[in-house]
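A quick write-up on the structure given underneath.
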Amino acid sequence: MKIIVLLKMVPDVVEELELAADGKALDTEFLRMIANEFDNHALEEALLLKEKYSGTVTVVALDAPEVDDALFTALAKGADQALKITDGDGTLGTRAGAYRLAQTLSSVPGLLPADLILTGAQAIDDLDGLTAPLVSHLLGLPQLAIVTKISVDTTAGVATVLREFPGGVRGEYEVKLPAVLGIQAAEKPPRYVPVAKVRAAMKSQAIQSVPAATAADGGVGLLPVEEMSKPEVTEHAQMLKGSPEEIANQLCEILAARGLL
Amino acid sequence: MAGNVWVLAEQWRGQLSDITYEVLALGKEVATALGVDLQAVLLGHEIKDLARSLGEANSVLYLDHTALATPVPETFAHALTFAIRARRPHVVLIPLTNVNWELGALLAAELEVGYVNACKDVRSEGGKLETRSLLYGGKMEAIVNPGQSPAILGILPGVRPTDQGRADAMPPVEELTVDLLETSSIRWKRYLEVEAGDIDISKQEVLVSVGRGIQSRDNVALAEDLAGALGGAVCGSRPVIDQGWLPLSRQVGKSGVVVKPKLYVAAGISGAPEHVEGMKNSDLIVAVNSDPQAPIFNVAHYGINADVMDVLPTLTEAVHSRKEVKKHAA
Ligand SMILES: Cc1cc2nc3c(=O)[nH]c(=O)nc-3n(C[C@H](O)[C@H](O)[C@H](O)COP(=O)(O)OP(=O)(O)OC[C@H]3O[C@@H](n4cnc5c(N)ncnc54)[C@H](O)[C@@H]3O)c2cc1C
């Protein structure tokens with residue numbers, strides 16, 4: 001089975017986010033980029049499927065700061081091939097939205113066809129769409145997003161897929177391969193790989209660079225952002241201050257006043 | 001003439017979701033500002049009666065087909081694309097829940113127009129639309145002016161109060177016949193219900209909720225101790241459930257349970273929109289987070305900017321000793 005994983009770099013939101021001078025984007029200079037959490041789940045699911053049914057896993061990412069680390073980490077975890085789509089200045093992945101990603105991917109020579117294309121159910125910077133449905137449409141393949149479980153019947157070429165609904169309910173579908181699936185959570189938490197193994201991958205394996213296709217987007221594509229800002233806070237929490245004991249006592253007072261203690 | 005404002009009336013398993021009313025309330029404002037009608041669009045099979053509850057809209061467009069009896073996103077996208085091409089609305093508001101997660105993007109791709117995801121508000125001034133999307137886990141907002149028509153907008157839960165979108169009026173219903181092929185590449189099988197947990201967190205008065213900040217399964221015990229002292233239960237955010245530290249029946253949020261306890265303690269939870277929609281209506285929210293910028297502090301009533309590992313045990317102890325004092329005083 002040939003599996004492709006689409007991986008996107010996004011800002012680590014644990015760090016403070018700063019705005020660029022034009023107020024329309026994040027200031028990329030101080031951003032720490034990490035692989036999108038949901039894409040990591042997609043990679044994990046791909047690796048689990050490979051272990052179960054055998055096959056290959058190809059990870060594809062748009063060029064962005066720290067992307068090499070993410071790709072070597074994927075190789076160290078067991079991916080067979082890593083592709084980086086470049087546009088010269090290394091910032092493609094910080095600017096491209098889901099639409100551009102989808103368009104770019106479908107134009108990488110030799111990449112397709114694959115049995116499964118997996119990506120995250122969402123990314124925290126998905127302003128212009130969601131990757132799985134957009135890629136599926138551009139490739140004319142069936143899709144489901146918010147997927148939490150995949151099992152494959154390789155001879156019949158179909159996958160049984162669980163997709164989330166509200167309240168913990170899941171829906172079961174039968175999907176003909178090839179298909180695009182947006183992964184919400186892999187069946188197991190993403191595996192950990194020691195730094196030494198990533199370093200070894202850096203020495204023994206290589207990332208292939210592929211130039212980005214110019215987006216033939218006929219007006220559709222990245223939406224121009226008029227303004228970006230931190231959310232206006234209408235009601236911010238009242239912060240409790242002091243030593244841990246003082247804070248605990250203040251909170252107990254508050255709870256007692258409300259009859260909760 | 002300018003096209004109308006459409007709201008996709010979200011129905012799931014034959015019931016309208018609350019978000020339908022929230023988005024109708026928003027749609028009404030946008031339609032009024034644009035000077036056009038608000039239409040609700042209802043897709044499904046043998047659910048025409050639901051249109052009666054959509055009185056906030058000037059009218060309801062109803063598409064019935066056997067293929068719409070089961071939740072295959074592509075089939076819904078095909079039906080809605082057909083309706084949009086036939087009627088040319090100016091704005092289409094899609095409730096962003098797990099039910100219709102992919103719909104907006106599929107629709108925009110089929111129609112070859114842009115899509116704006118995760119809108120927390122939509123306004124219209126002088127005929128121009130302005131959307132405000134919540135990005136980066138709730139840490140940033142982006143303003144976009146979707147130029148083309150139709151503007152396909154994915155709307156987050158909670159944009160307006162649910163009650164604002166309910167009206168007693170009986171809207172006129174128009175049926176639109178749609179030809180649909182059931183897609184051969186995706187076959188719906190069945191729903192798997194959530195395994196009943198030991199407790200129903202939606203019925204608890206006190207919830208201590210843990211997020212990724214709790215760091216390990218062992219540390220969940222710290223939250224259990226506090227919940228025990230307060231007479232409540234432990235629940236959590238998605239990563240905690242995905243790690244298997246708590247069962248699925250304890251997940252709060254979009255894919256989990258919506259809760260409204262008297263007290264909700266959010267410990268090591270960042271406050272991503274998908275979590276917040278499940279707990280924002282709690283009577284009292286106390287957040288503990290080591291990041292002073294965490295969006296959860298915009299939702300909480302009281303905030304503690306500290307390490308959960310320090311706060312939880314100290315708080316548990318304080319609650320116990322207070323109860324002791326009370327017992328002696330009684
Ligand atoms: C379709 C869909 C449905 C979803 N449904 C849900 C849902 O139902 N419920 C849900 O919760 N999520 C849901 N999510 C996921 C959601 O987007 C977030 O990823 C998730 O809520 C983040 O959980 P978290 O806050 O625990 O983790 P994080 O966002 O990683 O936050 C961890 C927080 O802990 C803080 N922290 C770290 N260490 C400490 C410490 N020692 N002391 C104090 N604070 C600390 C950090 O500052 C950070 O703010 C859904 C996503 C999608 C795409």
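Just so it is clear: chains get the letters A, B, ... in the order the sequence lines come, proteins before strands, and each one is counted from 1.
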Full working for salt bridge (charged side-chain N to carboxylate O under 4.0 Å, His left out) between E164(A) and R238(B): CA-CA 12 Å; E164(A) 281 195 350; R238(B) 151 138 244 152; 2.7 Å; yes
Non-hydrogen side-chain atoms of Q143(A) and E74(B) separated by less than 4.5 Å: yes
Close side-chain approach of I186(B) to L144(A), heavy-atom, < 4.5 Å: yes
Side chain proximity check, Q122(A) to E274(B), heavy atoms < 4.5 angstrom: yes
Any side-chain heavy-atom pair of L230(B) and L260(A) under 4.5 Å: no
E141(B) and K230(A): CA distance, side-chain angles, deciding distance, salt bridge (charged side-chain N to carboxylate O under 4.0 Å, His left out) verdict: CA-CA 6 Å; E141(B) 286 181 12; K230(A) 297 197 175 170; over 6 Å; no
Side chain proximity check, P166(A) to K254(B), heavy atoms < 4.5 angstrom: no
Heavy-atom pairs under 4.5 Å with chain A, option from S249(B), A318(B), A118(B) with the top count: A318(B)
Working for side chain to side chain contact (heavy atoms under 4.5 Å, CB included), residues N117(B) and D126(A): CA-CA 7 Å; N117(B) 192 33; D126(A) 278 340; 3.7 Å; yes
Heavy-atom neighbours of E317(B) CD exceed 12 at 6.0 Å: no
Flag if over 12 foreign heavy atoms under 6.0 Å of CD, E245(A): yes
From CA spacing to verdict: salt bridge (charged side-chain N to carboxylate O under 4.0 Å, His left out), E102(B), R163(A): CA-CA 11 Å; E102(B) 306 102 327; R163(A) 177 197 183 278; 2.8 Å; yes
Interface moiety of Q251(B) toward chain A, non-hydrogen atoms closer than 4.5 Å: neither
Closest non-hydrogen atom pair, A145(A) against W101(B): CB-CD1, 3.8 Å
Gap between atom NE2 of H320(B) and atom SG of C252(A) - 0.5 Å precision: 10.5 Å
Inter-residue atom distance L111(B).CG - H137(A).NE2, 0.5 Å rounding: 9.0 Å
Where Y136(B) and P11(A) come nearest, the two heavy atoms and their spacing: CE2-CG, 3.5 Å
Short N-O contact, R322(B) and E253(A), less than 4.0 angstrom: yes
Salt bridge (charged side-chain N to carboxylate O under 4.0 Å, His left out) between E172(A) and R187(B), worked out: CA-CA 9 Å; E172(A) 190 181 280; R187(B) 263 194 35 224; over 6 Å; no
Closest heavy-atom pair and its distance - V169(A), R13(B): CG1-NH1, 3.9 Å
Nearest-0.5 Å distance that lies between atom CD1 in I124(A) and atom CG in L135(B): 9.0 Å
Exam field: side chain Y173(A) to backbone P71(B), donor-acceptor pair closer than 3.5 Å: yes
Smallest separation among heavy atoms of K139(B) and E15(A), with atom names: NZ-O, 3.9 Å
Region of A142(B) in contact with chain A, defined by heavy-atom distances below 4.5 Å: both
Residue, of A121(A), A123(A), G182(A), A132(A), that accumulates the most heavy atom pairs under 4.5 Å with chain B: A121(A)
Minimum-distance pair of heavy atoms, taken over all atoms of H41(A) and D242(B): CE1-OD2, 4.4 Å
F165(A)/V194(B) under side chain to side chain contact (heavy atoms under 4.5 Å, CB included): CA gap, chis, key distance, verdict: CA-CA 10 Å; F165(A) 281 88; V194(B) 63; over 6 Å; no
pair K241(A)-N305(B): side-chain heavy atoms closer than 4.5 Å: no
Closest non-hydrogen atom pair between A237(A) and G303(B), with its separation: CB-N, 3.7 Å
Heavy atoms of other groups near E195(B) CD, more than 12 under 6.0 Å: no
Chain A interface, residue from Y115(B), Y302(B), Y191(B) that has the most non-hydrogen pairs under 4.5 Å: Y302(B)
Whether F297(B) and H236(A) hold their rings parallel, tilted or perpendicular, with breakpoints at 30° and 60°: tilted
Verdict with reasoning, Q184(A) to S255(B), per side chain to side chain contact (heavy atoms under 4.5 Å, CB included): CA-CA 10 Å; Q184(A) 165 73 286; S255(B) 312; 4.0 Å; yes
Trace of the side chain to side chain contact (heavy atoms under 4.5 Å, CB included) decision for K262(B) with R258(A): CA-CA 9 Å; K262(B) 289 190 172 148; R258(A) 290 179 161 247; over 6 Å; no
Heavy-atom neighbours of K77(A) NZ exceed 12 at 6.0 Å: yes
Non-hydrogen side-chain atoms of L315(B) and L251(A) separated by less than 4.5 Å: yes
Crowding at CD, E193(B) (>12 non-hydrogen neighbours, <6.0 Å): yes
Close side-chain approach of E226(A) to V144(B), heavy-atom, < 4.5 Å: no
